[in-house]
Amino acid sequence: MSVESLANYESWDLTMNQLPKRSHLYSLKPIGFGTPTVESFTSYLQRLAAAHGVSIASLIRYKITPLFIQNNQSPDFLKADDAIKMLINAWHREPALLQQQSAKFWLDRTQHVSKVVAIVEKLTARLDLSFLTLLQWHSWRLNFSHIFHTEQRWCSGCYQDWREAGKPIYNPLLWTIEPVSVCPVHQRYLQLRCLYCGCFQQFLNLDCNSLGYCCVCNAGITVPKRENCTLRLKAFPHKHLSHPFFNNTRKLN
């Protein structure tokens with residue numbers, strides 16, 4: 001048989017592609033990174049839980065808590081049985097572990113905040129989550145004992161703008177700072193209570209993972225208050241938001 005009569009077939013490259021390392025949880029990108037309106041860590045946890053279709057309580061209980069107790073154990077080698085055993089031991093020793101809902105507990109410059117952030121960074125394969133807290137301000141010689149609001153505040157105008165633009169709703173770290181009581185974008189007071197039931201909103205509600213909705217009555221909190229008036233920032237001028245104190249994040253690839 002001559003060579004000319006043989007059929008020609010395409011050649012296949014059977015070389016295996018090198019797959020990048022997979023993260024244990026979705027590598028969700030923080031919103032507003034590198035800007036004064038960068039997302040807070042509590043807001044990030046809420047969006048991360050929503051992305052997996054679970055409550056924040058489940059995310060903390062089954063993913064973060066076991067590694068918080070034994071942070072030397074890598075998530076890649078954490079077996080289900082080991083996680084359950086560590087979880088049971090943790091609840092016996094510290095029943096209220098990671099159940100706090102205040103901004104100070106999750107966003108301050110403390111050692112346990114650094115530990116939780118490091119764990120979530122391992123689970124999501126990210127290196128920039130510390131910028132969602134005050135950990136980057138550890139060198140500032142200031143009194144941070146009363147820097148946070150006691151309840152979550154929000155701008156319904158920002159919520160509405162993001163919703164109409166099809167953008168995800170989130171809570172900027174700036175809204176947690178106590179001196180900030182006015183939205184720098186809409187020049188109106190930040191809201192403190194739900195307009196329907198009048199309840200306060202916690203910074204991290206363990207039973208709710210939908211931002212933009214009241215965690216008590218489940219009503220939307222994106223409707224601006226009629227009595228909100230346009231005003232100037234007094235104790236916290238708008239121009240100061242560009243100060244490095246509020247813009248100390250950097251871009252990461």
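Just so you know, these numbers come straight off a predicted model, no measurement behind them. Excluded from the calculations below are hydrogen atoms, water molecules and symmetry mates; all remaining heavy atoms, backbone and side chain alike, are included.
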Tell me, do [X] and [Y] make a side-chain contact under 4.5 Å, heavy atoms counted?
X: Leu134; Y: Phe148; result: yes
X: Leu190; Y: Cys155; result: yes
X: Phe68; Y: Val116; result: yes
X: Leu107; Y: Val113; result: no
X: Leu132; Y: Val38; result: yes
X: Leu174; Y: Pro184; result: yes
X: Leu48; Y: Leu123; result: no
X: Pro30; Y: Arg126; result: yes

For a quick check under 3.5 Å, do Thr15 and Asp13 share a side-chain donor-acceptor pair by atom type?
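Result is yes, a qualifying pair exists.
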Spacing of [X] atom [atom1] and [Y] atom [atom2] [to the nearest 0.5 Å]:
X: Leu135; Y: Thr110; atom1: CG; atom2: OG1; value: 7.0 Å
X: Arg193; Y: Gln201; atom1: CZ; atom2: CD; value: 10.5 Å
X: Gln152; Y: Leu211; atom1: CD; atom2: CG; value: 8.5 Å
X: Ser23; Y: Glu121; atom1: OG; atom2: CD; value: 13.0 Å
X: Arg153; Y: Asn171; atom1: CZ; atom2: CG; value: 13.0 Å
X: Leu45; Y: Leu59; atom1: CG; atom2: CG; value: 6.5 Å

Verdict with supporting geometry, Asp161 and His186, side chain to side chain contact (heavy atoms under 4.5 Å, CB included):
CA-CA 10 Å; Asp161 290 345; His186 296 91; 2.6 Å; yes
Can you spot which of Tyr44, Tyr159, Trp154, Trp162 makes a ring pair (Phe, Tyr, Trp, His ring centres under 6.0 Å) with Tyr170?
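Passing option: Trp162.
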With a 3.5 Å distance limit and no angle check, can you tell me whether Thr124 reaches the backbone of Leu25 through a side-chain donor-acceptor pair?
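No, because the side chain of Thr124 does not come within donor-acceptor range (under 3.5 Å) of the backbone of Leu25.
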Would you confirm whether Thr133, through its side chain, and Asp108, through its main-chain N or O, come within 3.5 Å as a donor-acceptor pair?
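Checked: no pair found.
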Cluster partners of Val216, using ILVMFWY side-chain heavy atoms under 4.5 angstrom, listed by chain and number?
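None, because no other hydrophobic side chain comes under 4.5 Å of this residue.
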With sequence neighbours excluded, tell me which residues meet side-chain hydrogen bond (donor to acceptor under 3.5 Å, both in side chains) with Tyr213.
none
With sequence neighbours left out, what residues match Glu39 under side-chain hydrogen bond (donor to acceptor under 3.5 Å, both in side chains)?
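Glu39 satisfies side-chain hydrogen bond (donor to acceptor under 3.5 Å, both in side chains) with Ser43, Arg47 only.
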Crowding at OH, Tyr26 (>12 non-hydrogen neighbours, <6.0 Å):
no
Show, in sequence, the C-alpha distance, side-chain angles and deciding distance for His112 and Phe105, and conclude whether the side chain to side chain contact (heavy atoms under 4.5 Å, CB included) test is met.
CA-CA 8 Å; His112 79 267; Phe105 182 87; 3.5 Å; yes
